[in-house]
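Here the structure is laid out as structure tokens; the discussion comes afterwards.
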Number of protein chains: 2
Amino acid sequence: MATIYQVAERAGVSLSTVSRVLNGKTTVNATLKAKVEKAMVELNYRPNSVARSLATSRSDSVGILVSELNTPFFGDLMQGVESTLRAADKHVIITVGHNNLTTEQDAVEFLISRNCDALIMHAEAMKDEDLIALNEKRLPISLVNRQVKGLENNCIALDNEKGGYLATTHLLELGHRDIAYISGPMKIRDACQRLKGHKRALEEAGVAYNPFLTFEGHYEEEDGKTGLLELMSRDTPFSALVCANDWMASGAMSCARDLGMDLPHDLSIVGFDDVVFAHHVYPRLTTVSNPIADMAKMSAQYILNTLYGHTHNVQRLFEPTLVVRESTMAYES
Amino acid sequence: MATIYQVAERAGVSLSTVSRVLNGKTTVNATLKAKVEKAMVELNYRPNSVARSLATSRSDSVGILVSELNTPFFGDLMQGVESTLRAADKHVIITVGHNNLTTEQDAVEFLISRNCDALIMHAEAMKDEDLIALNEKRLPISLVNRQVKGLENNCIALDNEKGGYLATTHLLELGHRDIAYISGPMKIRDACQRLKGHKRALEEAGVAYNPFLTFEGHYEEEDGKTGLLELMSRDTPFSALVCANDWMASGAMSCARDLGMDLPHDLSIVGFDDVVFAHHVYPRLTTVSNPIADMAKMSAQYILNTLYGHTHNVQRLFEPTLVVRESTMAYES
DNA sequence: CTGTTAGCGCCTTCAG
DNA sequence: CTGAAGGCGCTAACAG
């Protein structure tokens, strides 16, 4: 690969001149500039971003931390960030945290050692204080789908409580009173908030919350099945079910069908996230949309602002909306 | 951030010694080594991989090119590569090609300028000769889901022809004779091969191929719908349909249901890829499994072999298998 | 086994 | 506006 030095030699100028036309910061005599550019194409010159990064300790790329690579949720997240960053000529380095503390920390170290200018993270295992320290002492970060006290500006989150509220309210409006709930793991923030919204909706409707109607899952498809089975074994009848994400909803639907139930007549089901397959299931899933791609985009814009002087508006709290499809229907006594 | 020099100073040794304990290539006196390690933790030292990369022109990371970030297929691909590479302590830099020539080339240049040691690519737009040149003149590459003449060793691919054959044979064995086919874009290799397999199955069964029963789509969900509608408008009855991927199959299923058809009684449908949502659709989709995660893993192992002296076995051609679920049933006259 | 000395490719003062 | 010189953090011969 040609280096800046060879370009300089061929163009008959010094390497600083080449550097200047490369970066376009300072003005360069038009003739020299032309010569340099000619030399560059002739040599098929490509700047080495590693060298540049070492010299400037910047890299024009931002690190991304996701929990998994192969789920629709994170797919949308990555895609949202990548496309808006790329439009600004920034690049993206993606790492995986697997919802595990050590892995997340390793990933962060890797990204930093790669001179990333900033980090956009979906951190699940790292603690609030770690994140605060990271942001203060190391490099700017933005958190997607999480709210950290003391880092309000950096957080882009969904109003999960409202989402839970919407789901349950929808069911209440359809006349359901006995509403079961399969939650995510309660150690995860958003899972708590969604459940909280569910409870508020019940309360406002004057329906007593019955702990026997809720089951704690792990956000995985399998939990929809085991949850439904468990709930049904408790001898507390219910006519509707809200699941804290679409995976569990899909699991519950399959299970219900295997049990010979007729959906949605025998059971109305609401999901959460409106993940890509939500309208592939049958009946098509009524769910709460989680505009993760938009949030990701916003997160990227925030980084663009703080790092490269852009001036996008940044919206920090996103409102979920209810997407009514065919998996819910009016209560039939 | 602490540098190797500061560590050396604090430990009272030269920086080459520090470098040595860092890389562990040569032996270092145990006492000195201890001193160095102590200094490293005290200073919370982290090696700067950019500097290392500049000095060695290696980076212990391999670039990945996918077409999209937010689809199950590429999700599995990325996940397969990432996990096996990470197990070998290599990192991954992911870029997106969007099935567009310029974008793909930019992505490749970015990865090279980042000193990636190798590339694992799902290249769709770049031409065979570009890929050959890339591999010969620049850096080792491995191609997933593509076969290039002259690059046999670097290619990990699925026997798509066999997949098409399996899908149609399954239907034939169920007694269907009039089998419609919604293909992918014929400019894409695998789409051609899948169709070829379909034709071979018909031929072997003594069923004449009827061009009126095939429709060319673009591998998108929408094509399932438009394809089905178009095929039905051609007044050539059929009792079964194979779609060249699951997205189109899902689209066709929704459309069929909207048309009031009873699945699978009124129409048996087979998909291709066995993508994550294939068993979320209803009826659960019979499809041809595409072990993309395994292929991705193999691709990573190939790179590990050629680059870092590993000695994994590498399987270059993968056999698809038929996954029979509930979207197909015996022909009813 | 250890320290010294050059670079890796580029940017960035500083003079001119 | 241009060139010379030093340095980013680390590795890799080369002597000792």
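Letters A, B, ... mirror the listed sequences (proteins, then strands); counts begin at 1.
Between Ser67(A) and the options Glu104(A), His98(A), Glu124(A), a side chain to side chain donor-acceptor pair (under 3.5 Å) holds for only Glu124(A).
Sorted by residue number, the members of residues 38-57 of chain A with any non-hydrogen atom under 4.0 Å from DNA chain D read Leu54(A), Ala55(A).
Distance, Glu9(B) CD to dT2(C) P: 19 Å, rounded to whole Å. Between Leu22(A) atom CG and dT12(C) atom P the separation is 11 Å, expressed in whole Å. Here dG9(C) presents its P atom at 17 Å from CG of Asn23(A), a figure rounded to the nearest Å. With rounding to whole Å, Tyr5(A) atom OH is found 14 Å from dG7(C) atom C1'. Computed from coordinates, the Ile4(A) CD1 to dT12(C) P distance equals 11 Å when rounded to whole Å.
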Indicate every side-chain donor-acceptor pair of residues 51-58 of chain A with a distance under 3.5 Å to a residue at least two apart or in another chain.
residue  : atom : partner   : partner atom : Å
Ser53(A) : OG   : Arg58(A)  : O            : 2.9
Ser53(A) : OG   : Asn115(A) : ND2          : 3.1
Thr56(A) : OG1  : Arg52(A)  : O            : 2.8
Thr56(A) : OG1  : Arg58(A)  : N            : 3.2
Thr56(A) : OG1  : Arg58(A)  : O            : 3.4

Output a table of donor-acceptor pairs, distance under 3.5 Å, between side-chain atoms of residues 290-301 of chain B and any protein atom two or more places apart or on a different chain; print 'none' if there are none.
residue   : atom : partner   : partner atom : Å
Asn290(B) : ND2  : Asp273(B) : OD1          : 3.0
Ser299(B) : OG   : Ser142(B) : OG           : 2.7

Return all side-chain donor-acceptor pairs below 3.5 angstrom for residues 36-43 of chain B, not counting sequence neighbours, or 'none' if the list is empty.
residue  : atom : partner  : partner atom : Å
Lys38(B) : NZ   : Glu42(B) : OE2          : 3.2
Glu42(B) : OE1  : Arg10(B) : NE           : 2.5
Glu42(B) : OE1  : Arg10(B) : NH2          : 3.1

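Ala88(A) pairs by the side-chain contact (heavy atoms from CB on, under 4.5 Å) definition with Lys90(A), Leu304(A), His310(A), not counting sequence neighbours. In this structure Asp130(B) satisfies the side-chain hydrogen bond (donor to acceptor under 3.5 Å, both in side chains) test with no other residue, sequence neighbours excluded.
Among the protein residues, Val28(B) comes within range of the sugar-phosphate backbone only, with heavy atoms under 4.0 Å from sugar or phosphate atoms but none that close to a base.
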- Query: Step by step, would you call Asp60(B) with Asp117(B) a side chain to side chain contact (heavy atoms under 4.5 Å, CB included)?
  - Reply: CA-CA 6 Å; Asp60(B) 282 338; Asp117(B) 299 340; 4.1 Å; yes
- Task: Give the C-alpha distance, both sets of side-chain angles, the deciding distance and a yes or no for side chain to side chain contact (heavy atoms under 4.5 Å, CB included) between Leu151(A) and Ile141(A).
- Result: CA-CA 10 Å; Leu151(A) 237 42; Ile141(A) 68 175; 4.2 Å; yes
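When each of Ala30(B) and Val18(A) is assigned the nucleotide of DNA chain C bearing its nearest heavy atom, the one mapping closer to the 5' terminus is Ala30(B).
The list of ring-ring contact (aromatic ring centres under 6.0 Å, His included) pairs with a residue in residues 33-71 of chain A, not counting sequence neighbours, is empty. Counting only residues at least two apart or on different chains, the salt bridge (charged side-chain N to carboxylate O under 4.0 Å, His left out) pairs with a member in residues 137-147 of chain A are Glu109(A)-Arg138(A), Asp128(A)-Arg146(A). The list of ring-ring contact (aromatic ring centres under 6.0 Å, His included) pairs with a residue in residues 74-95 of chain B, not counting sequence neighbours, reads Phe110(A)-His91(B), Phe74(B)-His122(B).
An end-to-end axis angle of 40° holds for the helix from dC1(C)-dG16(D) to dG16(C)-dC1(D), taken from five base pairs per end and rounded to 10°.
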Kindly give the atom pairs (protein nitrogen or oxygen, nucleotide nitrogen or oxygen) under 3.5 Å for nucleotides 4-6 of chain C.
residue : atom : partner  : partner atom : Å
dT4(C)  : O4   : Ser16(B) : OG           : 3.1

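Counted by atom type alone, Ser61(B) and Arg114(A) present one or more donor-acceptor pairs between their side chains at under 3.5 Å. A donor atom on one side chain and an acceptor atom on the other are not found under 3.5 Å apart for Thr103(B) and Arg86(A).
Bounding nucleotides for the chain A contact on DNA chain D, 5' to 3', at a heavy-atom distance below 4.0 Å, are dC1(D) to dG9(D).
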